[in-house]
Amino acid sequence: MSTALQGAGPGPTLSRSADLVIVGAGVVGAAAAYFAALAGRRVVVVDRGAIAGGTSSAGEGNLLVSDKEAGPELDLALYSQAVWREDLAEHAGLWEFEAKGGLVVAATEHSVAGLRELSVHQRASGVEVHDVGHSALHEYEPHLSKDLAGAAFYPQDAQVQPMLVVAHLLRLARGLGATVRTGTEVTGFLRSGDRVTGVRSTAGDIPAGAVLNAAGTWAGEVAALAHVAVPVRPRRGFVLVTEPMPPRTVRHKVYAAEYVGDVASSDAALQTSPVVEGTDSGTILIGASRERVGFDRTVSVPAISTLAAKAVALFPMLREVRLMRTYHGFRPYCPDHLPVIGADPRAPGLWHACGHEGAGIGLSAGTGKLIAQALTGGQPDLDLTPFAPDRFTDRTQDAEEAVS
Amino acid sequence: MTYRMTFRGTDIPAEPGQSVGAALVAAGIVDWRTTRKEGRPRGLFCGIGVCFDCLITVDGTRAERACLIPAADGMRLGDALETGDALGTGDALGASDDGRDRATHHAEEDGDAAHP
Amino acid sequence: MPHTHDVTVVGAGPAGVAAAVEAAEAGLDVALIDAAAQPGGQYWRHFDEDRARPEDRRGHHGWPVFTGLRDRLYVLRDAGRVHYLPGHQVWLATRDDAGTFTLRVTPTVRDPEPAGPGHGGTGHDGQDPVVARALILCPGGYDRQLPFPGWDLPGAMAAGGVQALLKGHRALAGRRAVVGGTGPFLLPVASGLAHAGAQVAAVVEANATLGWLRDPVGAVSAPGKGVEAAQYAATLARHRIPYRTRTVIRAILGDGRVEAVRTVKVDREGRPAGPEREIAADLVALGWGFTPSLELPLMLGAATRQDVDGSLVVEVDDLQRSSVDGVYVAGEATGVGGAALSVSEGRLSALALAAALGRPRMDPGTNADADRNTEAAGNTDADGTTDGNTSADKSAASGAAADPAGIRRVQARIRRGRRFAAAMHRTYPVPAAWPRSLPDATVVCRCEEVTYGDLRHAHAELGATDARTLKMLARPGMGWCQGRICGYATAGIAAWLDGRRPTADDLLPLSGRTPAVPVRLGELAALAETVTADPAGP
C-alpha cells in the first residue's frame with residue numbers, strides 16, 4: 001500500500017538533499033536515524049510501508065544477552081545494553097524499558113550442566129549470570145513446573161515495546177531535523193560511477209552523501225538494486241498472546257535451555273523452544289518458533305500448537321489460560337547468524353545495517369550508534385570487521401541456496 | 001421453578017433458560033467487574049458474546065462471558081477471591097485501585113486487579 | 001482420521017440454516033457448527049426451546065420461515081444427514097494442499113464442572129476437528145459502534161444486546177430507555193422495549209427520515225419492508241415514543257451507571273447544529289448498522305472489499321463463491337442486508353455447491369414434507385413476505401430444485417435484496433464527521449481503555465498515519481475483543497486524523513484474528529500431541 005506523497009513518480013528531485021538516506025523505518029533504521037541526527041547529519045528515512053511495519057512489530061521486544069554464546073554478537077549485545085541504559089536512559093520510559101531479567105531453565109541435570117558451561121564463557125565476556133538451583137526456582141517464578149532441574153538467571157536481560165521504540169526514536173530524530181517519508185518505496189540508486197549518491201524512489205530522487213540499507217528482512221532486495229549481494233533471508237516465527245493475567249504472573253523472560261541451540265542453528269525445518277514472558281498490559285507472550293519457509297503468511301498449526309504445548313510444560317497453569325491472538329514475523333537471517341553492519345566496499349557510499357535475525361530490537365541501539373560513528377568518520381566503539389558486508393564468500397552463499 | 005444463584009453474598013433468582021448476565025441485569029445489577037487501568041465498572045454491552053465486557057468468575061472459573069453462560073441453580077458468581085480463583089501468587093488480587101467505595105466490589109477484573 | 005463431510009456450514013442464523021438444509025436435501029453430507037445452543041442466529045434468537053411460550057415469537061419477523069427451516073433441519077439431523085454441532089465455535093480453519101478444510105472447534109461455554117477450591121478443570125482438550133471438502137461460511141455480524149463520552153457506562157448496551165436479552169432471555173435491561181444511532185434496526189429494538197414494558201424516552205436517529213420508504217428502488221425491491229416500517233411507526237405512536245431524526249447522543253451521563261443522555265441536533269455530516277437536550281434514562285441501546293464477522297474468511301485468505309455501508313465484507317461472485325476455492329460465504333459477511341437476503345444467499349451457496357459437485361436434488365421426499373410444514377406456517381405470498389412481515393424467501397422453505405432456472409430465480413432475488421440493502425445503507429450512513437467533536441478523554445477501545453486523545457497523540461507525535469500503526473502504538477483492538485467492537489471506529493479515526501475517508505486497508509488490520517475466538521492453550525497444545533502422534537501430520 002504505497003501512498004503517493006509529494007513529488008511522486010520518477011524523475012523530479014526533492015528540493016533538499018541529505019547527508020544520509022536510510023532505507024527502512026524499522027528499529028535499526030530508527031536507531032541509526034536518531035544517532036546520525038544527533039551527530040548533526042541531515043537524515044531522510046524512507047520506507048515503502050508504515051513505520052515499524054516489518055519485523056519490528058512482530059517480535060517480543062527482547063534485549064537479551066543470555067541467549068548468546070561468547071563472540072562478536074555477544075559483544076554487540078553487551079555494547080547495545082550500555083547504549084540502551086546510558087545513551088537512551090532518559091527515554092526508557094517512553095518504550096516501557098523493563099530490566100526484568102531472563103531465566104533460562106533446564107529440565108535435566110545434563111542440561112543444567114550445559115547451562116553452567118555456557119555461563120562460564122559468558123561471564124568471561126562480561127555477562128552477569130546467577131546459578132539457580134531447583135529449590136530456588138519458585139522464588140523466581142511461582143508458577144513454574146516443579147519438574148525442572150535448575151536454571152540460570154541473567155539480570156541484564158530486558159524488554160521494551162519495540163513499536164514504541166521505533167516511533168519515539170523517529171520522533172526524536174525529527175526533532176533533530178530528520179525527515180521521515182513513509183509510503184515511499186526505493187526503486188533504485190543514484191550512481192556516479194561506482195559510487196552511490198542517493199536513491200530513486202516513488203517520491204522522486206533523493207541525492208545523499210551516503211545511503212544506509214536498514215531494510216531488515218528485505219535488505220537483500222534493496223542491496224540488489226545496487227547490484228551487490230547481501231544474503232538476508234526470512235526465518236519465520238510465531239508469537240502467541242494470552243488473555244490478560246494478573247500482574248507478575250510471569251515475572252521474567254523465561255525460556256528453556258534448548259532455545260540457545262535453536263537460535264544458533266541453521267536448520268530450515270521447524271524448531272520451537274518455549275519462551276514465556278509477561279507484558280505491561282497483562283498479556284503473556286509465548287515464542288519462539290523458527291522455520292525457513294520464505295514469506296509464507298499462513299498459520300502453521302504445528303508451529304503454534306507446539307509452542308503452546310511447550311509453554312504449558314514450563315507453566316502448567318497456562319493450560320487453562322486462553323490464547324487471544326497470534327502473530328508472526330520474518331527474522332532477517334544471515335547464514336552465519338551475524339548482522340551486516342558497515343560500509344560496502346563494493347559500492348562506495350552504500351552502507352548496511354541489517355540481518356540481525358531475532359535480536360534486532362536488542363541490537364538496534366548499539367548498531368545505530370556504531371553506524372553513526374562510522375558514518376561521521378569516527379572510530380566506532382566496537383570493531384565492525386566481523387559484521388563486514390562483503391564477508392560472505394560465494395561458497396557460503398551457494399551452501400545457503402542449497403539449504404533454502 | 002426458579003434457580004437461585006449467589007453474587008457477592010446476594011441471592012440472584014434466574015429463570016431456567018436465562019443467561020447469568022440476563023439474571024443479573026433482571027435483578028438490577030448492571031456491573032460486576034472493573035477494568036484493569038482505570039477501575040471502570042463493566043457489565044453487559046454487546047450481549048451476544050463478542051465484546052468480553054461482561055467477564056465474570058463462575059464457580060471459580062475466571063473470566064467467563066456472563067451473556068453466554070446459562071444460569072444454573074446454586075451457581076456462585078463473582079469475585080475471584082470469594083471463589084478461590086486467585087492464582088496463588090500472593091499478589092494483590094485485592095481492592096480496586098480507583099479509591100471509590102466499592103467495599104463489596106473488589107477484584108473482579110479481566111484477569112487482574114491493582115495495576116501499578 | 002475424522003470423517004470428511006461434503007460441506008461444513010458455519011453459523012446457524014438465517015443464511016446458515018438455509019444453507020445446511022438446502023445442501024442436505026440436495027444429498028450432500030453436511031456438518032453444521034453454531035455458537036448458540038439452538039438455531040436462529042441473532043435475527044431469530046429466541047428463548048430456550050424446551051421452555052418455549054407462545055409469546056416468545058412476538059416481535060419476530062418471518063417466524064414461520066424460521067420454524068419451517070428449523071423443522072427441516074431437525075428432520076435432517078435426526079435422519080443423520082446433518083451433523084449439527086450447536087454450542088461450539090470454530091477457532092481455527094485451515095485448508096490443506098488437497099483442498100480439504102479442517103475446522104477446530106471449542107465449546108462456546110465450558111461444560112459445567114464440579115465447583116470447589118483446587119479444582120483443576122482439565123478434560124476438554126483435543127476435541128475432534130470437523131473436516132469437509134467445502135465450506136459455507138455464514139458468520140453473521142453484530143452491532144457497529146461509534147465511541148462517544150459515556151458509552152462504556154453500565155446501562156449502555158449494543159442495541160442487538162438489548163434485543164437479545166428480550167428475545168433470548170426474557171430480560172429487560174432497564175426501565176427508561178433511549179435508543180440511538182442510525183438505521184431501521186433501532187425501530188424493532190424500541191418497539192420490543194415498549195412491548196416488554198419499558199418506557200422508551202426517545203429514538204435518536206442521526207439521519208434525516210425514514211427515507212427508504214420513499215426510495216423507489218427500495219420500495220420495488222422489498223414491498224414487505226414498507227408494511228414492516230408502518231407497523232413500527234404505529235408502535236412508536238401508540239407508546240408515544242418520540243422519534244428524533246438528525247439527532248445524535250452526544251454523551252451519556254451518570255456516576256458509575258447510566259443516568260441520562262445528552263442529545264444534540266446535527267447536520268448531514270454529523271456536526272452539531274442545534275441546542276442540546278438532556279433526557280433521563282437508565283438504559284441506552286446503541287447501533288450504527290452492523291459489522292460482519294470476518295475471522296474465518298480472512299483466516300482462509302478470502303478477498304474482501306468495502307461495502308456501501310463502509311464495512312469490510314467478503315467479495316463473492318454470483319454463486320456466493322469467495323476467492324478461495326471451495327469456500328462459499330453467505331449472509332451479512334458478504335454485505336449487510338438482513339435476514340431475507342441472508343436466507344437467499346445461504347440457499348444459493350448450497351445449490352451452487354451441489355451443482356458443482358454434480359449432485360442436484362437427491363431426495364424429493366423429505367422436501368415435500370418440509371414444504372407442507374412451511375405451507376402450514378403460512379409462508380405463501382408472492383415475494384416471500386410472511387404475513388406482511390420481513391420478506392423471507394419463499395423458496396427458502398419450499399426447496400426449489402437445484403436446476404439452473406432455480407438458481408437464476410434465487411440470484412434474481414439476491415440482486416433485488418442487494419439493491420434494497422444499498423438503498424438503505426445510503427439512507428443511513430455513519431455521519432462522515434463523527435469523530436469531529438470527540439473529547440480527548442473518550443474511551444475508544446473499551447478493553448484496553450485507549451482514549452481518543454491517545455490515538456490523536458499516536459497520530460500527531462508518533463507518526464501513526466494508518467490503522468495498523470495506530471493499533472501497534474496505542475493498543476486499540478489489542479484487548480479481549482481483539483478490535484471487534486472498536487475496529488470500525490479505530491479505522492475511521494485513523495482516516496479522519498489523516499484527512500481522508502476510511503478504506504479497506506484501514507479496516508483489514510482490525511478485522512483478521514487468529515484464533516477466531518479465544519481458546520485455552522491446553523486445547524491448542526493438544527493439537528501438537530496429535531501432530532507428533534501422527535507421522536503424516538495435518
Side-chain angles (χ1 to χ4, degrees), chain A residues 1 3 25 49-53 56-58 94 161-164 166-168 170-171 174 180 182-183 238 240-244 270 272 280-284 286 297-313 315-328, chain C residues 91-95 102 104 106 110 120-122 125 129 299-301 447-448 458 461-475 477-483 498 500 503-506 508 513-515 517-532 537-538:
Chain A
M1 47 174 195
T3 310
I51 64 167
S56 297
S57 56
L94 295 174
Q161 206 276 39
M163 289 79 81
L164 289 176
V166 177
H168 282 287
L170 289 174
R171 180 182 61 81
R174 286 200 306 270
V180 181
T182 52
F238 284 95
L240 313 182
V241 187
T242 72
E243 64 181 285
L270 171 67
T272 54
D280 258 14
S281 56
T283 55
I284 292 171
I286 300 168
R297 294 183 175 276
T298 54
V299 176
S300 160
V301 175
I304 64 173
S305 62
T306 310
L307 284 179
K310 292 187 174 179
V312 167
F315 290 94
M317 47 81 63
L318 287 177
R319 179 175 292 275
E320 298 301 313
V321 172
R322 276 156 293 193
L323 169 72
M324 206 166 61
R325 166 169 81 243
T326 64
Y327 59 89
H328 65 268
Chain C
W91 58 273
L92 189 68
T94 52
R95 180 180 190 272
T102 300
R104 310 284 179 173
T106 185
R110 291 177 63 179
T122 53
D125 295 352
M299 201 183 288
L300 290 160
C447 301
E448 293 296 299
E461 301 297 320
L462 302 182
T465 54
D466 63 288
R468 181 182 182 272
T469 312
L470 209 52
K471 175 179 165 182
M472 292 293 176
L473 294 176
R475 299 190 59 77
M478 295 284 244
W480 264 108
C481 91
Q482 290 291 296
D498 218 36
R500 53 191 176 79
T503 64
D505 282 342
D506 291 304
L508 201 53
R513 290 160 200 108
T514 302
V517 295
V519 62
R520 291 181 312 124
L521 284 168
E523 290 176 72
L524 178 55
L527 298 189
E529 286 146 28
T530 327
V531 171
T532 320

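A note on names: the letters A, B, ... follow the listed sequences, proteins ahead of strands, and every chain is numbered from 1. Small disclaimer: the values here were computed from a predicted structure and weren't measured.
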Practice task
Output, in order, the C-alpha distance, side-chain angles, deciding distance and verdict of side chain to side chain contact (heavy atoms under 4.5 Å, CB included) for L521(C) and T242(A).
Solution key: CA-CA 8 Å; L521(C) 284 168; T242(A) 72; 4.0 Å; yes

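To the nearest 0.5 angstrom, Q161(A) atom CD is 7.0 Å from L473(C) atom CG. Here E523(C) contributes atom CD and L323(A) contributes atom CG; the two are 10.5 Å apart, rounded to the nearest 0.5 Å. Rounding to the nearest 0.5 Å gives a distance of 9.5 Å between CE of M163(A) and NZ of K471(C).
Ranked by non-hydrogen atom pairs under 4.5 Å with chain C, the options T298(A), I304(A), T272(A), V312(A) are led by I304(A). Between chain A and the residues T465(C), T469(C), T514(C), the most heavy-atom pairs under 4.5 angstrom are made by T514(C).
Side chain of R325(A) to main chain of Q482(C): no donor-acceptor pair is present (N/O by atom type, distance under 3.5 Å, no hydrogens or angles). Using a distance-only test at 3.5 Å, with no hydrogens or angles considered, a donor-acceptor pair links the side chain of R174(A) to the main chain of E461(C).
Evaluation of the side chain to side chain donor-acceptor pair (under 3.5 Å) rule for R95(C) yields no partner, not counting sequence neighbours. For T283(A), the side chain to side chain contact (heavy atoms under 4.5 Å, CB included) partners two or more places apart in sequence, or in a different chain, are V241(A), T279(A), S281(A), L285(A), M324(A).
Summarising the geometry of A52(A) relative to R468(C), their closest heavy-atom pair is O-NH1, 4.0 Å, with the distance given to 0.1 Å. S305(A) approaches L524(C) most closely through the heavy-atom pair CB-O, 3.2 Å.
Within the 4.5 angstrom heavy-atom criterion, only side-chain atoms of L92(C), from C-beta onward, approach chain A. When heavy atoms are compared at a cutoff of 4.5 Å, I286(A) approaches chain C solely by way of its side chain, counted from C-beta outward. Neither the backbone nor the side chain of L170(A) comes within less than 4.5 Å of any heavy atom of chain C.
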